[in-house]
Every structure is written in structure tokens, then in C-alpha cells.
There are 2 protein chains.
Amino acid sequence: MITNSGLVVLSVTAKRAAVEILSLPQSGSFAVKASHLGKSARTRARLIDAALFVFARQGLDAASINEITREAGIANGTFYLHFKDKEELAAVVAFSVVAEIVTEIEAAMAGIDDAVERISRGTRHFIHTAFGRIDWGWTFFRFFWTLPQLRREVAQYLRQDIELGVVQGVFTVTVDDFLVEMVGSLVNSALFAQMNGTVGSEAGSRAAELQLRLLGVDPDRAREVAWRSLD
Amino acid sequence: MITNSGLVVLSVTAKRAAVEILSLPQSGSFAVKASHLGKSARTRARLIDAALFVFARQGLDAASINEITREAGIANGTFYLHFKDKEELAAVVAFSVVAEIVTEIEAAMAGIDDAVERISRGTRHFIHTAFGRIDWGWTFFRFFWTLPQLRREVAQYLRQDIELGVVQGVFTVTVDDFLVEMVGSLVNSALFAQMNGTVGSEAGSRAAELQLRLLGVDPDRAREVAWRSLD
DNA sequence: CTCATAAATGAGGGTAATCTCAATTTCCCA
DNA sequence: TGGGAAATTGAGATTACCCTCATTTATGAG
């Protein structure tokens with residue numbers, strides 16, 4: 001029998017956290033990640049998960065704080081202990097999603113130096129994972145035009161690869177905010193088209209092919225790269 | 001002295017309509033057009049103008065019926081005599097805007113048969129006039145992703161010219177809903193970029209150039225056509 | 001196990017929006 | 001010009017949301 005009080009307490013806490021997670025309608029990824037942290041961090045994570053769920057379906061304006069806390073299984077007033085208002089939570093949610101997706105993409109693209117390949121794979125991976133975790137996809141889409149910070153975040157990543165391509169002599173464009181935003185919005189539009197059913201799983205390749213053409217890559221090369229198997 | 005009662009009555013009505021218009025904060029174009037119609041049509045037009053003003057600044061969700069009627073100088077309850085709800089009014093507003101812009105574009109493009117030229121001029125004109133009447137621009141942008149009918153309307157026009165280009169052998173793409181939606185969303189994004197200050201009056205030409213590249217036009221030709229003076 | 005602290009609760013006050021309808025005003029024909 | 005029809009008015013009933021705070025519950029170090 002364990003008598004070390006510290007261990008006992010830790011064990012009780014862990015069990016409570018586990019029960020919390022099991023009691024969720026569908027335990028989101030952020031709650032799982034926070035399950036070993038303190039209570040405050042855990043309810044914060046549950047709020048983020050619930051917000052992701054609600055924002056994905058309703059968008060920012062239509063979502064109410066009441067509904068998010070209900071979805072999280074948390075009292076209404078608790079919300080204000082963690083976030084100032086809906087907008088603050090929205091920003092956190094949006095950045096969490098982008099951070100998750102970017103992490104996955106960077107892992108998949110490590111060691112690839114060809115800009116044409118990077119743009120193609122980046123776009124394809126992005127659309128694939130955003131569509132795969134559909135709440136990520138819808139939340140990203142819904143926030144893309146309402147959160148300037150989100151567009152800037154995306155632009156930052158895209159710009160590096162586009163500038164790389166110009167240096168490598170494969171892209172024939174002048175790189176500025178406008179260009180980067182057009183390329184970024186094309187990714188967003190293609191993601192929407194797939195979520196909407198306008199296009200199937202080929203969305204990523206089709207978007208990548210159009211992007212490469214737009215950047216000045218020869219259409220034959222663009223086609224070849226964009227549709228090549230991703231290993 | 002005019003004694004014909006019909007004429008006298010008409011004159012009084014016309015004067016009332018004129019006073020209505022002058023009393024508006026800024027008499028919108030739809031109210032002006034309806035000034036010779038019956039009273040019902042006139043207040044309906046005032047509602048559309050006011051909605052255009054409010055939607056452009058607040059978007060669909062944030063706008064309230066109260067604010068629209070206040071802006072129109074009309075009692076709250078009158079709204080429901082003309083529209084079922086905010087969404088119905090929004091659809092009417094969106095289609096009115098598109099109809100106006102399309103009318104202007106078609107006038108400017110009559111007699112042009114080259115698909116490359118048509119796509120270029122259509123995009124440039126669209127962005128130019130939408131930005132010129134800034135409420136049209138913002139309202140179009142705000143509704144683009146929320147009203148599927150609006151995207152379909154735009155797609156319909158674009159598709160004709162894209163298919164024309166394929167027939168003429170100048171575009172090397174497969175034309176389907178996905179492609180048309182990507183081209184359309186690029187116009188919308190470029191319009192936003194200009195309204196947002198990311199880019200100046202060259203937005204139309206830059207968007208057109210990217211579009212033509214994307215459709216398979218040789219980059220040199222794309223540049224030449226997209227930046228040529230519009231007469 | 002005890003207890004001070006941290007966290008969560010949820011009822012309730014305040015605000016704002018939607019929609020209705022009986023009363024009023026305007027319109028326009030005879 | 002009189003008067004019935006058409007249109008408008010705006011107060012109020014209803015609903016939904018935001019946010020606060022006094023109270024309750026959970027936590028974990030000693």
C-alpha cells in the first residue's frame with residue numbers, strides 16, 4: 001500500500017484528468033495534450049477544443065460563448081477566467097491550428113531544397129491535413145479572412161519558399177505582399193472547394209499545379225511535380 | 001395653372017419622392033433609380049441602399065435590422081413588409097451589386113472576341129468598379145464566401161470566357177467548377193487586397209496577369225495584355 | 001488529514017436584437 | 001376633394017447573449 005502522500009495525490013489528480021477527458025463528447029487533441037498539466041491548463045484546453053468544434057461549424061460571429069462552454073462541459077462563468085472575450089479565444093484557436101499543421105508540414109518537408117517541390121508539397125500537405133481533421137479545415141477557412149494575423153502567419157511561411165524559388169531562378173515573379181497573399185488565398189480557396197464537395201481528394205494537386213503555373217513554372221513541369229506521388 | 005388632377009397628383013408624388021431622396025444621409029443609387037416608382041418600391045430601394053451601406057461596413061452577421069432601418073430613415077417594423085429576414089435582403093443586395101457591375105463590364109467589353117483580352121479586361125474592370133464604388137466592393141467581398149448563389153453567378157460569367165479561351169487554343173486547362181472557382185476567388189482576393197491597402201490601383205492588372213498565367217497563357221503575353229492601357 | 005489558496009459554479013442584472021400588431025398616416029382614384 | 005386601400009409607424013413581448021460576483025468545490029503542500 002502506497003503511503004507516500006505526494007504520489008497518492010498525483011495519482012488522484014491524474015485519474016481526475018482522465019475522467020475529465022473520457023467525459024467529453026469527443027476529447028479533442030488539445031485536451032489530451034494538456035491532460036498531464038494543472039487543472040487550469042486542462043479546462044483551458046477543453047475550452048479550446050470546444051471552440052474549435054463550434055467555430056468550425058458556426059464561424060466566429062454565430063458562435064456564442066454559452067454554446068462553447070456548454071460544448072466543453074464547463075460553467076458559463078468559467079470562460080472569463082481564461083479568456084477576455086470570444087475574439088481572444090478565436091485568436092488562440094486559430095494559431096493553435098496553424099501551429100499544428102505547420103509542425104506536420106515541416107516534418108514532412110525537412111531536407112527538401114527545391115522551391116518548386118517545396119511549394120507543391122507544402123500546399124498539398126496543408127490541404128490534406130486540414131481536410132483530414134475537418135474542424136481544423138473549417139476553422140482555418142472561417143478565420144482566414146477575418147484574422148489578419150492568421151494571413152500574415154501563413155504568408156510568412158509561403159514567402160520563404162517563394163523567395164527561394166526566385167533565387168533558384170524557377171519562379172518569375174516579383175515577390176511582395178500582394179503576390180504572397182494571392183498564393184495564400186488560393187490555398188484557402190482550394191481547401192474550401194474540397195470541404196464543399198466541389199472537388200475531391202485531388203484538390204491539393206490541382207491547387208499546387210495552378211500555383212506553380214502562376215509563379216511562372218512551365219506548365220508541363222508544374223503538372224509533373226504537382227501530381228507526383230508523395231512517397 | 002394646371003387643373004388636370006392626374007398631373008397635379010403625379011407632381012405632388014414626385015416632389016415627395018424627391019424630398020425623400022434629399023433627406024437621405026447619402027442618397028444611394030437604388031433609391032435614385034426608384035424615385036419615379038410607387039411608394040412601396042421607393043422604401044424598398046431605400047432599404048437596399050441602407051443595407052448596402054451597413055453590410056459593407058459590418059458584414060452580414062454584425063449588421064442588425066434595426067441599424068439598417070435607422071440608416072434608411074424608416075421605422076423598424078416596415079422592414080418586414082418588404083423582406084422576410086436579413087438573409088433575404090442580403091441576397092437581394094448582393095445580386096443587385098453584381099448586376100450593376102456586370103452591366104458596366106458588359107458595356108465595356110462588347111465586341112471583344114479574344115478570350116485572353118476578355119478575361120483580362122473583365123477582371124480589371126470588375127476590380128476597378130468594385131473598388132470605385134467602395135460599398136459595392138466591400139459588400140461583394142463580404143458575401144462572396146457566405147452566399148453560394150453569388151459565387152455561382154460570378155462563375156457563370158467567368159466560365160464562358162474561359163471556355164472560349166480553350167476553344168481558341170489559348171488556355172491550357174480543364175474547365176470545371178473547381179477551376180472556375182479558383183479564378184473567381186482570385187478576383188475576390190485581389191479586390192480585397194486593394195481595399196485593404198496591400199496593393200494600389202495596379203491590383204486589377206496584377207490579378208489579371210496572374211490569372212492568365214494560371215490559365216496557361218505565356219507569361220510575356222500575359223504581362224503585355226494585363227498591363228495594356230484600357231483605352 | 002488539514003487548510004489556505006486556486007478554480008469553478010450558475011443565478012441574475014443589463015443590453016440588444018427580432019418580430020408582431022393595433023393605431024396612424026399616406027396615397028390616389030372617382 | 002372624400003374616402004377606402006395601401007403603406008408605415010413604433011411600442012412592447014419575447015428571446016438570446018454577455019458578463020459579474022457571491023458562493024461552492026477542488027487542489028496539493030505541510
Atom pair distance, as rounded to whole Å: [atom1] in [X] and [atom2] in [N]:
X: Leu37(B); N: dC28(C); atom1: CG; atom2: C1'; value: 16 Å
X: Ile65(B); N: dT15(D); atom1: CD1; atom2: P; value: 17 Å
X: Arg70(B); N: dG10(D); atom1: CZ; atom2: C1'; value: 14 Å
X: Lys86(B); N: dC19(C); atom1: NZ; atom2: C1'; value: 14 Å
X: Ile68(A); N: dA16(D); atom1: CD1; atom2: C1'; value: 15 Å
X: Asp61(A); N: dA17(C); atom1: CG; atom2: C1'; value: 14 Å
X: Tyr80(B); N: dG10(D); atom1: OH; atom2: P; value: 16 Å
X: Arg46(B); N: dT8(D); atom1: CZ; atom2: C1'; value: 12 Å

query: Honestly, is Arg57(B) close enough over Phe53(B), meaning NZ or CZ under 6.0 Å from the six-membered ring centre and within 45° of the axis?
result: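 Output yes; distance and angle both within limits.
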message: Protein within reach of the bases, or only the backbone? For nucleotides 2-16 of chain C, mark each nucleotide 5' to 3' as B, S or -, using heavy atoms under 4.0 Å.
response: -----SBBBB-----
- prompt: Strictly by modelled atom types, are Gln194(A) and Glu202(A) linked by a side-chain donor-acceptor pair under 3.5 Å?
  reply: no
query: Does the side chain of Thr129(B) come under 3.5 Å of the side chain of Glu104(B) through a donor N or O and an acceptor N or O?
result: no
task: Output all residues satisfying side-chain hydrogen bond (donor to acceptor under 3.5 Å, both in side chains) with Arg118(B), sequence neighbours left out; order by chain, then residue number.
output: Asp161(B)
Tell me which donor-acceptor pairs under 3.5 Å the side chains of residues 183-193 of chain B have, and how far apart each pair is, sequence neighbours excluded?
from      : atom 1 : to        : atom 2 : distance (Å)
Ser185(B) : OG     : Ser189(A) : OG     : 2.9
Ser185(B) : OG     : Glu181(B) : O      : 3.4
Ser185(B) : OG     : Met182(B) : O      : 3.1
Ser189(B) : OG     : Ser185(A) : OG     : 2.9
Ser189(B) : OG     : Ser185(B) : O      : 2.8

message: If you define the side chain from C-beta out and look only at heavy atoms, does anything of Arg151(A) sit under 4.5 Å from Asn196(B)?
response: yes
